[in-house]
Amino acid sequence: MGPAPAGEQLRGAAGEPEVMEPALKGTGKEEKKASSRKRTETRSPAEGLLQPVKLSRAELYKEPTNEELNRLRETEILFHSSLLRLQIEELLKEVRLSEKKKDRIDAFLREVNQRVMRVPSVPEAELTDQAWLPAGVRVPLHQVPYTVKGCFCFLPPAQVTVVGSYLLGTCIRPDINVDVALTMPREILQDKDGLNQRYFRKRALYLAHLAHHLAQDPLFGSVRFSYSNGCHLKPLLLLRPNGKDKSLVTVRLHPCPPPDFFRPCRLLPTKNNVRSAWYRGQSSPGDGSPEPPTPHYNTWVLQDIALESHLQLLSTMLGSAPGLKDGVALLKVWLRQRELDKGLGGFTGFHVSMLVAFLVSTRKIHTTMSGYQVLRSVLQFLATTDLTVNGISLCLNSDPSLPALADFHQAFPVVFLDSSGRLNLCADVTASTYHQVQHEARLSMALLDSKADDGFQMLLMTPKPMIRTFDHVLHLRPLSRLQATCHRLKLWPELQDNGGDYVSAALGPLTTLLEQGLGARLHLLAHSRPPVPEWDISQDPPKHKDSGTLSLGFLLRPEGLTSVLELGPEADQAEAADFRHLWGSRSELRRFQDGAIREAVVWEAASMSQKRLIPHQVVTHLLALHADIPETCVHYVGGLVDVLIQGLKEASSAKGRMVVSQGGELVMVPNVEAILEDFAVLGEGLVRAVEARSERWTV
């Protein structure tokens, strides 16, 4: 057994009762003071009510203790004020897991481990021969094209490992997810499983067999499928306990290969692992043209390989530093309130955890910092560092065989490499999302530097959805229309890389097109893809068009917003052809007062309210011209206040009276009460309009 811990030795031997020593009696003077205090309390007329504590002069003016001085010094150094420290401490108490719930979750995880290891094996069969699957379960993957080489057999996992934020102590409520990695035995996999989605097919079949057997166990109240961060090639199996703990935790099972099974050199961003002849169903052209690289496909395989190594890295960096864990929890709350971590392409809690590890490794964050200091340091880094231009890396290895950062910048819009130097942690993060993260980080730093009284409330407690963040919001639906966009823009390599996800394939070119068209009018463009809902194991996985609505938000600049003229280059310049290609038939040659002949686009807008909606004309024209998206599929939300303002002007002009001034001129004196009523109507109308739009477009 070994010696007992030092704290246990003070509790006496086992089996002996715990003895409480009686308190020492006070001196005579203290007894008299106590008796007089009691007599005063008995004479109190307001018996039963709370009374102010009466302290002696010595107690009232006594010097602070060392503990109190240390806390005041920490508050002065680590926080802006005592109030901010109290607010952050209370927030962390609310989002952290209690020890009792941790014990119940640990017990459930042990039961899950036992059930998974007892699932029976299945003999080997061809990947296309899925007759062995029971009737009550469907494969959680779109198998397009269906024909693929390889064999599959089910064997219990070689290892079951809890990974993710639960072990690190950085998971936050209310949604507690515990990620469990299931290492598939080598006998299931074959040498060329990295090609043509073979690994992902086996992964999906592995989950389908698990789901069928676990769904019959009374331990589980819910067994359903979902996607890993919205990636449709990587389904997950969600397990929830039965009974009163059904909302306690969600266990997410991630099948993964053995760590050294796939050759890393075959999964670099410049390599191709999805053959065009297999994916398109056509014979090879035979002209010697190289296959297009599949960087996202390769990254999704690498993510499964690196699950345990990422856990070990974060455990080393954050394990003995409670301030770093508090900072990660605060950053997750910050992301959640701004909806930056939702859907495919979001900036998740895993990204900020790895970013904290990077800043610790570069000594920009110290392990003794408080959670508030970590929050400030990370926001400052995000506000001042553009990872779309200058990527960062956790890799300290100078191996010349590793790809350079420039290779990753050619394949991905945002670059943040892990410690292996081969995996881009931000491969799924789009440039628009990262620019939105940067924008919110700048606003948050300005708020913290202002030391406003309501800074904590605005920073971490106030939800900030897209409808409250952007001036204009555009909704594209139905999403199936984006298939035509991929054909118009010839995005075959992107479709091949994303496994047929035409929404992800078209998203980048669409945002680039609109940014180019809006030009100086646009300050920030961001997108929002709602997360794909989970589904029952007896149902087919949701299709790409079933993922709701693709929303685009536009934050506009006041300067140049109302200009009706898009001024292009002179007619004899080389850029004129690009300008005409961008605007199509709207571009025309015009002579200006200075004698210059330029390409130009003129928008129709008579009133100021129509000029403020020129971005609507720009967006609908470009989408119809270049993306084959008609105006009927574009639902534009903007200019909602103009109708209210116009009604306010008409009402105010009607509620006034004309009087003759001392100079003999007619002057209208408005009715003040009527104006106040108009402003009240305006405020109510604004609230109703925003609420109606929020409810209408909530997915």
Under a 3.5 Å threshold, yes or no: a donor from one side chain and an acceptor from the other, between W535 and D540?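 No donor-acceptor contact under 3.5 Å links the two side chains.
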For S551 and H527, which I'm curious about, is there any donor-acceptor pair between the side chains at under 3.5 Å?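 No, no side-chain donor-acceptor contact under 3.5 Å.
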Do [X] and [Y] have side chains that get closer than 4.5 Å, going by heavy atoms?
X: F154; Y: W132; answer: no
X: F225; Y: V139; answer: no
X: T511; Y: T430; answer: no
X: K325; Y: V328; answer: no
X: L623; Y: L476; answer: yes
X: Q197; Y: Y297; answer: yes
X: L237; Y: L214; answer: yes
X: E126; Y: F152; answer: no

Report the residues that fulfil ring pair (Phe, Tyr, Trp, His ring centres under 6.0 Å) with H310, sequence neighbours left out, ordered by chain and then residue number.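 Once residues adjacent in sequence are excluded, the partners of H310 under the ring pair (Phe, Tyr, Trp, His ring centres under 6.0 Å) criterion are F350.
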Set of residues satisfying ring pair (Phe, Tyr, Trp, His ring centres under 6.0 Å) with respect to F408, sequence neighbours excluded: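 With sequence neighbours excluded, F408 shows a ring pair (Phe, Tyr, Trp, His ring centres under 6.0 Å) to no residue whatsoever.
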Donor-acceptor check, side chain of [X] to backbone of [Y], threshold 3.5 angstrom: yes or no?
X: N498; Y: S504; answer: no
X: Y206; Y: I188; answer: no
X: H475; Y: L550; answer: no

Aromatic ring proximity, centroids under 6.0 angstrom, H232 and H544: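 Yes, ring centres under 6.0 Å apart.
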Derivation of the salt bridge (Lys or Arg N to Asp or Glu O under 4.0 Å) call for R481 and D628: CA-CA 8 Å; R481 190 66 194 182; D628 198 14; 3.3 Å; yes
Do you know which of L239, V180, V160 makes side chain to side chain contact (heavy atoms under 4.5 Å, CB included) with L109?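 Among L239, V180, V160, the one that satisfies the side chain to side chain contact (heavy atoms under 4.5 Å, CB included) with L109 is V180.
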Using the rule side chain to side chain contact (heavy atoms under 4.5 Å, CB included), only one of P235, P542, S226 pairs with P140; which is it?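 Single side chain to side chain contact (heavy atoms under 4.5 Å, CB included) partner of P140 among P235, P542, S226: P235.
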Step-by-step side chain to side chain donor-acceptor pair (under 3.5 Å) determination, T549 to R477: CA-CA 6 Å; T549 302; R477 59 174 188 175; 5.4 Å; no
Applying side chain to side chain donor-acceptor pair (under 3.5 Å) to Q143 and Q130, what does each step give before you reach the verdict? CA-CA 12 Å; Q143 303 180 74; Q130 300 173 6; 2.7 Å; yes
So, K332 and D341, do they make that salt bridge, N to O below 4.0 Å?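 Looking at D341 together with K332, the answer is no, because their closest N to O distance does not fall below 4.0 Å.
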Report, one line per pair, each donor and acceptor closer than 3.5 Å where one atom sits in a side chain of residues 482-489; sequence neighbours left out.
| unit_1 | atom_1 | unit_2 | atom_2 | d |
| --- | --- | --- | --- | --- |
| T485 | OG1 | A627 | O | 2.7 |
| R488 | NH1 | L625 | O | 2.8 |

